Amino acid sequence: MNMINLFDLDDLHALPHETLKNHHRVPVRYINPNYIVFVGNKFRRTFTEDTLPDNILSKLTMARASGKKYLNDEEVNAIDIFYYPHNDSMGDVGWRVSETMYIVVLEECELRSLLGIEDGMNKLDWNEENDTRRKSKSKSKKNLR
C-alpha cells in the first residue's frame with residue numbers, strides 16, 4: 001500500500017517558510033503528465049510541464065538535479081513533506097520529498113497569483129471572501145439563468 005495515500009491529500013496546502021519572511025513551502029505532486037500544486041485549503045492547481053509556471057518548473061528542476069536522497073512514496077507521512085533534512089540553501093528553494101512529492105518555496109506574491117488573489121489584499125486568507133472559486137461558481141450560476 002502506498003503510504004502517501006494514508007493521509008488526506010486534501011489537507012495539504014502552502015505553509016509559511018520557517019525562516020524566510022513572506023515565503024511559503026508549497027507541496028507539488030507529480031503524477032505523469034500532471035503537476036498538482038497544493039496552494040490553499042482544499043484548493044489545488046493542476047498543470048502539465050507546458051503550462052507549469054516557469055518559477056515552479058525551475059525549482060523542481062533544481063530539486064531533481066540536487067542529488068539529495070529522498071524517501072520512497074511508501075515512507076512519506078504528512079510531516080515529512082514540509083521537513084527539509086539537509087543543511088544547505090536548497091531549503092530556501094525547494095526539494096524532493098519522495099518519488100512523486102516536492103516542496104517549492106514561493107514568495108507570497110507568487111502564491112497569491114496561483115490563488116487568484118489580487119495584490120491589493122493585505123494577507124493570504126483562505127476564507128470565503130478571498131475564495132475565487134466560490135465567486136466564479138456564483139457568476140457561472142448567474143450567467144446560466
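Just so it is clear, the structure is predicted and the values come from calculations on it, not from any experiment.
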Requested in this report: Using a 4.5 Å cut-off on heavy atoms from C-beta on, say whether the side chain of Glu18 contacts that of Arg25.
Outcome: yes
Query raised in the report: Is the shortest heavy-atom distance from the side chain of Leu57 to the side chain of Glu49 under 4.5 Å?
Result: yes
**Report entry** N/O donor-acceptor pair under 3.5 Å between His13 side chain and Asp11 backbone
**Finding:** yes
Query raised in the report: Counting N and O atoms only, with roles assigned by atom type, does the side chain of Lys59 sit under 3.5 Å from a partner on the main chain of Val105, one being a donor and the other an acceptor?
Result: yes
Query raised in the report: Got Met62 and Met90 here, is their nearest side-chain heavy-atom distance under 4.5 Å?
Result: yes
Query raised in the report: Roughly how far, to the nearest 0.5 Å, is OH of Tyr84 from OG of Ser89?
Result: 7.5 Å
Requested in this report: Determine yes or no for a side-chain-to-main-chain donor-acceptor pair under 3.5 angstrom, with Thr51 supplying the side chain and Phe47 the backbone.
Outcome: no
**Report entry** Separation of Leu115 CG from Asn41 CG (nearest 0.5 Å)
**Finding:** 10.5 Å
Query raised in the report: Is Asp92 close to Thr19 at the side-chain level, that is, under 4.5 Å between some pair of heavy atoms?
Result: yes
**Report entry** Partner of Val37 by side-chain contact (heavy atoms from CB on, under 4.5 Å), out of Leu12, Leu111, Leu114
**Finding:** Leu114
**Report entry** Note, Thr46 side chain near Tyr35 side chain (heavy atom, < 4.5 Å)
**Finding:** no
Query raised in the report: Pick one: which of Val28, Asp73, Asn72, Ile36 meets side-chain contact (heavy atoms from CB on, under 4.5 Å) with Thr100?
Result: Asp73
Requested in this report: Look up atom CE in Met101 and atom CD1 in Ile31, then write down how far apart they are to the nearest 0.5 Å.
Outcome: 9.0 Å
Query raised in the report: Are the side chains of Leu60 and Ile56 in touch, meaning some heavy atoms are under 4.5 Å apart?
Result: yes
Requested in this report: Using the salt bridge (Lys or Arg N to Asp or Glu O under 4.0 Å) rule, take Arg112 and Glu107 through it: C-alpha gap first, then chi angles, then the decisive distance, then the call.
Outcome: CA-CA 9 Å; Arg112 285 173 177 275; Glu107 292 182 46; over 6 Å; no
**Report entry** Within 45° cone and under 6.0 Å: Arg96 NZ/CZ vs Tyr70 ring
**Finding:** yes
Requested in this report: Please answer: with hydrophobic residues joined when any side-chain heavy atoms are less than 4.5 Å apart, are Tyr83 and Trp95 in the same cluster?
Outcome: no
Query raised in the report: Looking only at atom types and distance, does a side-chain atom of His86 sit under 3.5 Å from a main-chain N or O of Asp88, one as donor and one as acceptor?
Result: no
Report task. Go through the steps for Tyr102 and Arg29 under the test side-chain hydrogen bond (donor to acceptor under 3.5 Å, both in side chains), then give the verdict. Result -> CA-CA 6 Å; Tyr102 297 83; Arg29 188 163 189 209; over 6 Å; no
Query raised in the report: About how many Å separate OG of Ser98 and CD1 of Ile81, when rounded to the nearest 0.5 Å?
Result: 7.5 Å
Query raised in the report: Does a side-chain heavy-atom distance below 4.5 Å link Glu108 with His23?
Result: no
